Amino acid sequence: MAESLQGLLVGFQVALAPSVLVYAILGCVIGTIVGVLPGLGPLAGISILLPISFGLPPTTAIVLLAGIYYGAMYGGSTTSILVRIPGEAASVVTCIDGYEMTRQGRAGPALAIAAIGSFVAGTVSVVALMLLAPPLARFALAFGPPEYLALLLMGLMVLSYISSGPMPKTLTMATLGLLLGMIGIDPMSGYNRFAGGVHELSDGLGVLPLAVGLFGVSEIMLAYRNQAMRPASRPRLAELMPSREDVRRSVGPIGRGTVIGFLIGIIPGSAHILSSFVSYAVEKRLSQHPEQFGKGAVEGVAGPESANNAAASGAFVPMLALGVPLGPVQAILIAVLMVHGVAPGPLLITQQPQLFWGFIASMYIGNLVLLVLNLPLVGLFVTFLRLPYSYLYPIILVCCIVGVYTVNSSMVDVLIMTAAGAAGYMLRRLQYDVAPVVLGFILSPMLEMAFRQSLAMSGGDYAIFLERPIAVTLLAIGAAVLLLGLVPPLWRRGLRRSQAAQ
Amino acid sequence: MSRFWPHDRQIGRQRLGALALVATGAFFVWRSLAALPLGTIDNPGPAAMPLALAVLLIVFALWSLGGASSGLLDPATTDDNDAPDADDGGVRHAVLVIAALLAAAVALDRIGYRLTILCLLLFFLGLVERKPIVTALVVSIALSFGSHALFVHVLKIPLPSGPMGI
Amino acid sequence: MRALMSGLLVLLCVAGVEAQAQDKFPSRPVTILLGYPPGGSTDTTARAIAPVLERILGQPVVIQNRPGAAALIGTQAVANAAPDGYTITVATTQLALLPAVDQIFGRPPSFTRDQFAPIALLSADPSVLFVHPSQPWRTFQELVDDARKRPGQIVYASGGLYGTTHLAIEIVLKATGTKMRHLPTAGGGPALTAVLGNHAALLAAHPAVGGPQARAGALRPLGTMGAKRVASLPDVPTLKELGYDAEYYQWNGLFTQAKVPEPIIAVWREAAAKAAKDPEFLQAMARVGSGTEYMDRDAFRPWWDADSKKTEDTVRAIGKVQ
């Protein structure tokens, strides 16, 4: 503990040096800009500044790029809340209640709670990262395909809590999403599934074009006549800040979201997108007023946003403690480290304490910078909503096109977004909730791969799922939650029947 | 007659929607069986999971259609994010948005970013929203060329150029 | 007077021809179009050589990443680019691999090797075999013996079906006459994690990826698949030394379109030759743990053909897995 504090002091010395601080702030600013644009995410931002980072000393380079990553996380929630367009994949859940709050003229509180939640989660998870990186990394390594499958099956159960509609429709949408996730090259057999010869579909439809289309484009199509659906154009100035009630209701979700997000984030794989979905489901389950979810419940913003940021920090644990990249962003960061002659690996923490602690310290600072940056910007962003809707929506459409196109420089992505927009419009007119589609879409390729990988490991023997302690535990917990979850609806049904009989 | 009975119209639409979903499921069943190996129980192939999901989709789509117990049109569970009986003006607008996006997607690589966005904005501001032509032109030019400058020169993200380098 | 005029005309023509000949290539910025995302070895190699080439050629050298479909999208874009020498690429096994995979699936190939002209080989690092330290094999021979005793029981991880880490192990299996179970993962990172967590026993990895882990005791190297030992792992024998003909490299080379005129290719070859010896390039490559192995086009072409044949044969031998 004392060692950690000492290391942290060294780290702060490094991170607060003006030259390093400047780059931290620069990274946060660019990250926010990049994150606010729908589609464009941290990967794009980091790729942009990559050449510049090569000319900087290693700690400064990492601080800059990590700042972009964080900034993009913060910025992504801004578009989700203001115009219901996910800035990046992990912000999809924030669209649900965040935009509802905007429609009620409460965009300011929504943005502020998102920023505060992100800050708290980011800071707390950095502490956990700092103190527990090596043991956490070892825990994360214990997750192989069977454990991963168990975790994802639990994630599948979350689907029923995301949507507010009737169960059959929720299941239909979830299954549609799961099915759409099957499009692309099957990594276990090499077959290109349902791609119809279109090479751009080999990697799948892409969660970003799908989400931007299903949420954002469909929103624009629906909001035309329905005045009530548009964001409130005259937000009440006095209520730019969250009320006492808002803060009180957000405390629990922020705390729980941090824990959930961090734990999910350290596990290898892009499961970190799941963190916001799981947090939303947990908050809805624990809330006194679950019917408010989907209609502007502040918990629906506080929890997922915190989980998001905690997962982002958690994802750095394997990178720093083991030198293993779990996603494209970490791969770039590791490459940057290598270019600067720092060998990532289990010995990084001990051999390069300055780098490690400097990085940790800059994460604290980055979180603080982003909070300071975003809170005043709330007023600015909300002013953007004052534009007459007839000017606003063409601009939003342009942002969607640009954001989605520039991810892969591919017009196929824009076409996917358009198709998703049309489908989203029709589905929502028919009273289907499209949120489960996105979650299903993300889950199915991972589920299938984990399942088939487990069988590949065991040579086809299904007993592998019962032979591994962590997997068995997770499956048991999942089964328990599922059964417990079934009790209330069955009970209510029984109650209704007996009431009807009376 | 159904104009006076929105309920009937709704049921008709719901049926159409469910049909579309069933058709989607059927399409995936067909493609799975036709082109992909099923594999075996201890080595499931690329067709296994898509087939199972497609069948489930058909089942759930039919379930969500049938019966009052599925909560069809139950006002307590209605997602108020749609306009059940939007007039045709709303549909027309929706179609215009999709058509514009399609055109933009195809045009981007052909006539370049600036011209595409310029035309897109002019279309909406000038034609659809009937803003004064000068305002529409000014805003469209400013936004298309301005955003291009932001992306290409500040953020260094390449955007497609059209003929003559525009 | 007429003589003067014709004399002037001849002079002008000659001057014109001379001016043409001196129309230097390149006269505008050049693009290195990559099929791989930032962070991988191809990308770092490109970023290591780009500034050096820029200095030598006197024109900006821009790197563009166009990832997608396992390098297919970007590679196809390079093949279809105008053959004027202004679009080159840093490429690796994918040039032979993707058409071979297309062939076994009965698909028309998205591109073929003969659409590309090699300029120079830049690096070639042998794959290294790593096992989890809890596994009982201390030498490569022990692994082979155990594999022979229980065929199909040992699990090896790879970064993807038909990827270089998969083919490397298949080559080893063929050379030793053994069978093992394959665990495909979603990439180099997940494959490494799988072995670090002992969910799979064995992995063929790039020395810069597995080396730091080995030095920290998280992995045990058993053998390398090169002609010579790896500098960063001097105690690890080559499979050749141990008597097995199993050689496979993770390499990167400069390529352009086959239709590019020979004089322009000559310019590139010269620039590459200078860049490959430049201390800035060598230092940048050393820092990311990549070796450098320069071969000019004439030596590179037969090497590339041999490596491609090995790749194609191995892919065909693996065939469809389901």
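In what follows, chains carry the letters A, B, and so on, assigned in the order in which the sequence lines appear, proteins first and then strands, with residues in each chain numbered from 1. Nothing here was measured: the structure is a model prediction, and the numbers come from that model.
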Main-chain N/O of [Y] paired with [X] side-chain donor or acceptor, under 3.5 Å:
{"X": "A:Y462", "Y": "B:I41", "answer": "yes"}
{"X": "A:T172", "Y": "B:F60", "answer": "yes"}
{"X": "B:R13", "Y": "A:L430", "answer": "no"}

- Task: Could you please state which residues from residues 33-40 of chain B sit under 4.5 angstrom from chain A, measuring non-hydrogen atom to non-hydrogen atom, sorted by number, or 'none'?
- Result: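 When heavy atoms of chain A are the reference, residues 33-40 of chain B contributes B:A35, B:L36, B:P37 within the under-4.5 Å range.
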- Between A:L415, A:L179, A:T175, A:I395, the one whose heavy-atom pairs under 4.5 Å with chain B are most numerous: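 Counting heavy-atom pairs under 4.5 Å, the top option is A:L179.
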- Item | Partner chain B: residue of A:V402, A:I220, A:V404 with the largest heavy-atom pair count (under 4.5 Å) | A:V402
Identify which part of [X] has an atom lying under 4.5 Å from any heavy atom of chain B, answering side chain, backbone, both or neither.
{"X": "A:M182", "value": "side chain"}
{"X": "A:S444", "value": "both"}
{"X": "A:V412", "value": "neither"}
{"X": "A:T418", "value": "both"}

- Are the ring centres of A:Y425 and B:H93 closer than 6.0 Å?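 Distance test on ring centres: not under 6.0 Å, no.
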- Query: Are B:F124 and A:Y393 close enough that their ring centers fall under 6.0 Å?
  - Reply: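 Between A:Y393 and B:F124, which both carry aromatic rings, the centre distance is below 6.0 Å.
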- May I ask you to name which of B:I117, B:L125, B:V106 has the most heavy-atom pairs under 4.5 Å with chain A? B:L125
- Query: Using a cut-off of under 4.5 Å for heavy-atom pairs, which of B:A47, B:P50, B:S32 has the most such pairs with chain A?
  - Reply: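 Heavy-atom pairs under 4.5 Å are most numerous for B:P50.
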Identify which part of [X] has an atom lying under 4.5 Å from any heavy atom of chain A, answering side chain, backbone, both or neither.
{"X": "B:S144", "value": "neither"}
{"X": "B:F27", "value": "neither"}
{"X": "B:L56", "value": "both"}
{"X": "B:L57", "value": "both"}

- Query: Can you name the closest pair of heavy atoms from A:V414 and B:L101 and give their distance?
  - Reply: CG1-O, 4.4 Å
- Task: Grab the two heavy atoms, one from B:P46 and one from A:S189, that are nearest each other, plus how far apart they are.
- Result: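 Residues B:P46 and A:S189, closest heavy atoms: CG-OG, 3.4 Å.
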Once rounded to the nearest 0.5 Å, what's the spacing between atom [atom1] of [X] and atom [atom2] of [Y]?
{"X": "B:D109", "Y": "A:S410", "atom1": "CG", "atom2": "OG", "result": "8.0 Å"}
{"X": "A:M173", "Y": "B:L21", "atom1": "CE", "atom2": "CG", "result": "5.0 Å"}
{"X": "B:T24", "Y": "A:L176", "atom1": "OG1", "atom2": "CG", "result": "6.5 Å"}
{"X": "B:W63", "Y": "A:K169", "atom1": "CH2", "atom2": "NZ", "result": "13.0 Å"}
{"X": "B:I98", "Y": "A:M221", "atom1": "CD1", "atom2": "CE", "result": "3.5 Å"}

- Item | Pair B:R31-A:R193, side chain to side chain contact (heavy atoms under 4.5 Å, CB included): steps then yes or no | CA-CA 9 Å; B:R31 291 313 301 161; A:R193 299 190 284 198; over 6 Å; no
- Can you list the steps and then say if A:I401 with B:L120 is a side chain to side chain contact (heavy atoms under 4.5 Å, CB included)? CA-CA 11 Å; A:I401 294 175; B:L120 185 80; 3.6 Å; yes
- Query: Going through the distances and angles, do B:T116 and A:Y405 end up as a side chain to side chain contact (heavy atoms under 4.5 Å, CB included)?
  - Reply: CA-CA 13 Å; B:T116 308; A:Y405 179 85; over 6 Å; no
- Should B:L121 and A:V398 count as side-chain neighbours, where that means a heavy-atom distance under 4.5 Å? yes
- Does any non-hydrogen side-chain atom of B:K131 lie less than 4.5 Å from one of A:Y391?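 Result yes, sub-4.5 Å side-chain heavy-atom pair found.
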- Task: Using a heavy-atom cutoff of under 4.5 Å, enumerate the residues of residues 447-456 of chain A that contact chain B, numbered in order, or state 'none'.
- Result: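 A:L447, A:E448, A:F451, A:R452, A:L455 fall under the 4.5 Å cut-off.
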